[in-house]
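The next block holds one structure in the form of structure tokens; read it before the comments.
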Amino acid sequence: MPEGHSVHRITRQFERNFVGRVVHVSSPQGRFAEGAALLDGRRMTDARAVGKQMFLGFEGDRWLRVHLGIYGAWDFAGDILLDPTIASANGRMGQTNMRGTFLDGPNPDAVVLDTAGENSLTSIGAPRRTRLRMAESEKEGDTSWSFPPEPVGQVRVRLLTDTVCADLRGPTACEVLDPAQVEAVVAKLGPDPLLDDSAEAEERFVSTVRRKPTPIALLLMDQNVVAGIGNVYRAELLFRAGLNPHTPGRLVPEETVRELWHDWGRLLRIGVETGQMMTMDGLEGEAYRAAMANRDDRHWVYKREGLPCRVCGTNIVLEELGARKLYWCPSCQA
């Protein structure tokens, strides 16, 4: 399932390519025909992400709410203005895509080369005729097609301007809301540090965690406690904090809870800017290059069950908690 950084990246694509433009909305599949009719022909006015939820605003105080869930994906096609964060990852997020992002240097400021060996950042301001899939992993396709392309598969919603098309497939949630309904959905979500890193947001997170008897590993995955964290970031945050995932929230020291909040903000920003769920600090040179290119080299514990811990050598454990896989080191996180 896409985690918070993915949804923020997708929202940026809508900000660059749809906001301010009149959008034709349809439902090629037919399951969203009624909702599409409510939005068709209206100008998109806003695009925002809160955790794993995305909200697209239209004239007339109407909003399209989308939660991609496990199977959802957006496909963009046309003369796309690539957001700098998308260009910097060469159209690949790398969450499950083992190819990842390839850098021409040892640090996040290094030159990024596209598939033609050119610096993709030099042409950000110009439309680029391409196809781009944005979901759990991002993938750029060929341009050998006419515009708009024929819908492929079960397209729940198609958003179309004169130059860009966005097709939505397989979402968990897709509905039209009014402003009050949007606020009601957002009010139930925990804080998202990319939207609000204030002291008030931090206190809300800390106070919620420290009054709960629930294991901290479950609390971090609860979108009502904190928005955007999924299975990968959950495992990595807990390892970075040296925290046993089974510790009840109310028994986690306050300073540790605060560090979890700040660390989540750091990792989320890295994920949005690079397209990679990079959770290892201090990598340089070839080690950093390898980590950006391959998930196996950029995580401490996620997907490393049975392998020795990178710090202490103890085998990483895999167990099931709350119907999700949990990866952790029983020594470093004792």
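Note that CG of L268 is 5.5 Å distant from NE2 of H8, once rounded to the nearest 0.5 Å. A distance of 6.5 Å separates CG of L68 from CG of L168, quoted to the nearest 0.5 Å. In this structure, M221 CE and L326 CG are separated by 9.0 Å, a value rounded to the nearest 0.5 Å. Atom OH in Y327 sits 13.0 Å away from atom CG in L321 (nearest 0.5 Å). We find the SG-CZ distance between C165 and F18 to be 6.5 Å, quoted to the nearest 0.5 Å. To the nearest 0.5 Å, atoms CG (L39) and CD (E34) are separated by 11.0 Å.
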Tell me, with the steps shown, if F147 and L160 meet side-chain contact (heavy atoms from CB on, under 4.5 Å).
CA-CA 10 Å; F147 183 85; L160 179 67; 3.7 Å; yes
Give the C-alpha distance, both sets of side-chain angles, the deciding distance and a yes or no for side-chain contact (heavy atoms from CB on, under 4.5 Å) between N315 and L307.
CA-CA 5 Å; N315 285 353; L307 296 176; over 6 Å; no
side-chain contact (heavy atoms from CB on, under 4.5 Å) for V317 and E305? Distances and angles first, verdict last.
CA-CA 5 Å; V317 170; E305 68 274 19; over 6 Å; no
Apply salt bridge (charged side-chain N to carboxylate O under 4.0 Å, His left out) to R324 and E320, showing your working.
CA-CA 5 Å; R324 298 296 300 275; E320 186 173 295; over 6 Å; no
Do R240 and D281 pass the salt bridge (charged side-chain N to carboxylate O under 4.0 Å, His left out) test, and can you show the C-alpha distance, the side-chain angles, and the key distance before you say yes or no?
CA-CA 10 Å; R240 288 163 64 93; D281 298 325; 3.0 Å; yes
Could you go step by step and tell me if R310 and R304 meet the side-chain contact (heavy atoms from CB on, under 4.5 Å) rule?
CA-CA 10 Å; R310 298 184 190 276; R304 301 194 72 248; 3.4 Å; yes
Audit row: F76, F14, ring-ring contact (aromatic ring centres under 6.0 Å, His included) steps and yes/no:
CA-CA 10 Å; F76 292 82; F14 278 105; 5.1 Å; yes
Given salt bridge (charged side-chain N to carboxylate O under 4.0 Å, His left out), test E273 with R12 step by step and report yes or no.
CA-CA 11 Å; E273 295 304 321; R12 290 189 178 192; 3.3 Å; yes
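Smallest separation of non-hydrogen atoms from E175 and F32: CA-CE1, 3.9 Å. Minimum heavy-atom separation, P151 to D167: CA-OD2, 4.5 Å. In terms of heavy-atom proximity, N231 sits nearest to E3 at N-OE2, 3.2 Å. For the pair G228 and K52, the tightest heavy-atom approach, listed with the atom from each and the gap, is O-CE, 3.9 Å. Shortest non-hydrogen contact noted between L81 and N17 is N-OD1, 2.8 Å. The two residues W300 and E236 have their closest heavy-atom pair at N-OE1, 2.6 Å.
W63 has its ring centre no less than 6.0 Å from the ring centre of F58.
A distance-only check finds no donor-acceptor pair linking the side chain of R42 to the backbone of R62 [under 3.5 Å]. Listed for the T11 side chain is a donor-acceptor partner under 3.5 Å among the backbone atoms of V7. The closest donor-acceptor contact from the side chain of N224 to the backbone of G190 lies at 3.5 Å or more, if one exists at all. R9 places no side-chain N or O within 3.5 Å of a backbone atom of H5 that could act as its donor or acceptor partner.
For E319, there are no salt bridge (charged side-chain N to carboxylate O under 4.0 Å, His left out) partners at least two apart in sequence or on another chain. Under the ring-ring contact (aromatic ring centres under 6.0 Å, His included) criterion, H246 pairs with W328, not counting sequence neighbours.
Under the 4.5 Å side-chain criterion, counting only non-hydrogen atoms from C-beta, Q13 is in contact with I80. For the pair V182/D178, no side-chain contact is recorded, criterion being any heavy-atom separation below 4.5 Å from C-beta on. Side chains of C329 and C312 form a contact here, defined as non-hydrogen atoms less than 4.5 Å apart. A heavy-atom distance below 4.5 Å is not found between the side chains of V22 and T161. Using a 4.5 Å cut-off on side-chain heavy atoms (C-beta onward), L159 and V23 make contact. Taking the side chain as every heavy atom from C-beta outward, V157 and C174 approach each other to under 4.5 Å. Between Y302 and R234 the shortest side-chain heavy-atom distance does not fall below 4.5 Å. Counting heavy atoms from C-beta on, the side chains of Q53 and R65 come closer than 4.5 Å.
Side-chain polar atoms of Q154 and R169 form no donor-acceptor pair below 3.5 angstrom. Counting only N and O atoms by type, the side chains of T279 and H299 include a donor and acceptor under 3.5 Å apart. For the 3.5 Å distance criterion, the side chains of H262 and D197 fail to qualify, holding no donor opposite an acceptor. With hydrogens and angles left out, the side-chain atoms of E200 and S198 include a donor and acceptor closer than 3.5 Å. In summary, the side chains of R250 and T214 do not present any donor paired with an acceptor at a separation below 3.5 Å, with no hydrogens or angles considered.
Linking Ile, Leu, Val, Met, Phe, Trp and Tyr whenever their side-chain heavy atoms come within less than 4.5 Å puts V232 and M280 in one cluster. Residues V164 and L64 fall within the same hydrophobic cluster, defined by Ile, Leu, Val, Met, Phe, Trp and Tyr side chains chained together at heavy-atom separations under 4.5 Å. Note on L237 and I270: same hydrophobic cluster, where clusters join Ile, Leu, Val, Met, Phe, Trp and Tyr whose side-chain heavy atoms are under 4.5 Å apart, directly or indirectly.
Atom CZ of R21 sits in a crowded spot, with more than 12 heavy atoms from other residues, nucleotides or ligands closer than 6.0 Å. Atom CG of D196 has more than 12 heavy atoms from other residues, nucleotides or ligands within 6.0 Å.
Between E183 and K188 there is no salt bridge, since none of the side-chain N atoms of the basic residue sits less than 4.0 Å from a carboxylate O of the acidic one. Ionic pairing of D40 and R158 is not present here: no N-O contact between side-chain nitrogen and carboxylate oxygen is shorter than 4.0 angstrom.
Looking at V225, I229, L243, V209 one by one, the single match for side chain to side chain contact (heavy atoms under 4.5 Å, CB included) with L220 turns out to be I229.
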